[in-house]
Amino acid sequence: MQKKLIIAIDGHSSCGKSTVAKDLAKELGYVYIDTGAMYRSVTLFAMRNGFIADGTIDEKQLSAHLNAIKITFKYQPEEKKNETFLNGESVEDAIRGLEVSQNVSAVSALGFVRRRLVELQQEMGIEGGIVMDGRDIGTVVFPKAELKLFMTASPEIRAQRRYDELIAKGEPVNFQEILENVKYRDHQDSTRKESPLMQADDAVVLDNSHLNKEEQLLWIMKKMDERGLSKQ
Ligand code: DC
């Protein structure tokens with residue numbers, strides 16, 4: 001039987017990592033794990049329990065309650081989407097809200113949070129057959145992953161995609177502000193002390209500035225072929 005691989009996808013914010021990861025998991029019949037959703041769930045848990053006030057985190061309390069956090073994923077076939085559960089409750093919408101988005105960078109910079117989530121992520125991948133996306137998957141979580149992709153696209157293109165998404169949702173947004181936010185998050189992700197976003201030496205760089213969904217999947221399948229990783 002074909003060995004079940006571990007595929008690590010890292011890269012900047014808003015460059016479509018989750019779209020690629022989902023498409024690839026579907027193509028290969030693998031499980032998709034969104035590690036950003038895990039950091040977002042811990043953030044939501046901390047907010048709901050009053051461990052974050054005005055952007056300040058009560059690290060002692062969060063650390064003391066970390067083991068009470070259970071995060072699971074379920075694929076919902078009717079909606080064709082992955083749903084994230086925090087202690088049994090679906091939080092898929094709640095973790096995408098503005099308040100969680102504003103606090104998640106600070107929570108994901110905490111060493112004790114990262115150590116715990118990395119441990120959980122490694123357990124999830126123990127049998128292979130997963131596509132996991134995040135910022136430190138190919139460098140810290142699975143340094144021996146069979147395939148590592150590092151995704152990027154120009155800040156302007158990522159900002160434009162984010163702008164189009166928000167406009168489609170009817171939100172009044174300003175392109176310049178979004179562009180500044182994209183650049184700010186790149187800086188935060190790449191310069192934080194704990195596991196900064198870094199390209200693994202053996203990662204394949206996928207710049208999807210000018211590729212659509214289908215083209216990027218084909219591009220990856222070709223890379224897998226070249227490396228002898230495709231299904232027989
Ligand atoms: O991919 P995302 O935007 O849902 O990620 C949310 C936040 O979590 C973002 O600030 C980066 C951080 N993150 C991280 O530090 N490490 C990961 N493996 C995944 C996400």
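First listed ligand is number 1; within each ligand, the first listed atom is number 1. Excluded from the calculations below are hydrogen atoms, water molecules and symmetry mates; all remaining heavy atoms, backbone and side chain alike, are included.
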Answer with yes or no whether [X] contacts ligand 1, where contact means a heavy atom under 4.0 Å from a ligand atom.
X: Arg192; answer: yes
X: Ser13; answer: no
X: Arg114; answer: yes

**Request:** Quick one: do Asp133 and Ser18 satisfy side chain to side chain donor-acceptor pair (under 3.5 Å)? Show the steps, please.
**Result:** CA-CA 7 Å; Asp133 79 1; Ser18 67; 4.7 Å; no
**Item:** Modelled atom types, side-chain donor and acceptor of Ser108 and Arg40, under 3.5 Å
**Value:**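 No.
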**Prompt:** Any chance the side chains of Asn181 and Glu177 put a donor and an acceptor closer than 3.5 Å?
**Reply:** no
Enumerate the atoms of ligand 1 whose separation from the nearest heavy atom of [X] is less than 4.0 angstrom.
X: Ser105; result: 10 (O)
X: Gly36; result: 4 (O), 5 (O), 19 (C), 20 (C)
X: Ser108; result: 12 (C), 15 (O)
X: Thr35; result: 17 (C), 18 (N), 19 (C)

**Message:** Can you confirm, on distance only, whether ligand 1 has an N/O atom lying under 3.5 Å from any N/O atom belonging to Arg40?
**Reply:**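 N/O-N/O distance below 3.5 Å exists for this pair.
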**Prompt:** In the protein, which heavy atom is nearest to atom 9 (C) of ligand 1, and how far is it?
**Reply:**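 Scanning the protein heavy atoms, the shortest distance from atom 9 (C) of ligand 1 goes to Arg135 NH2, 3.7 Å.
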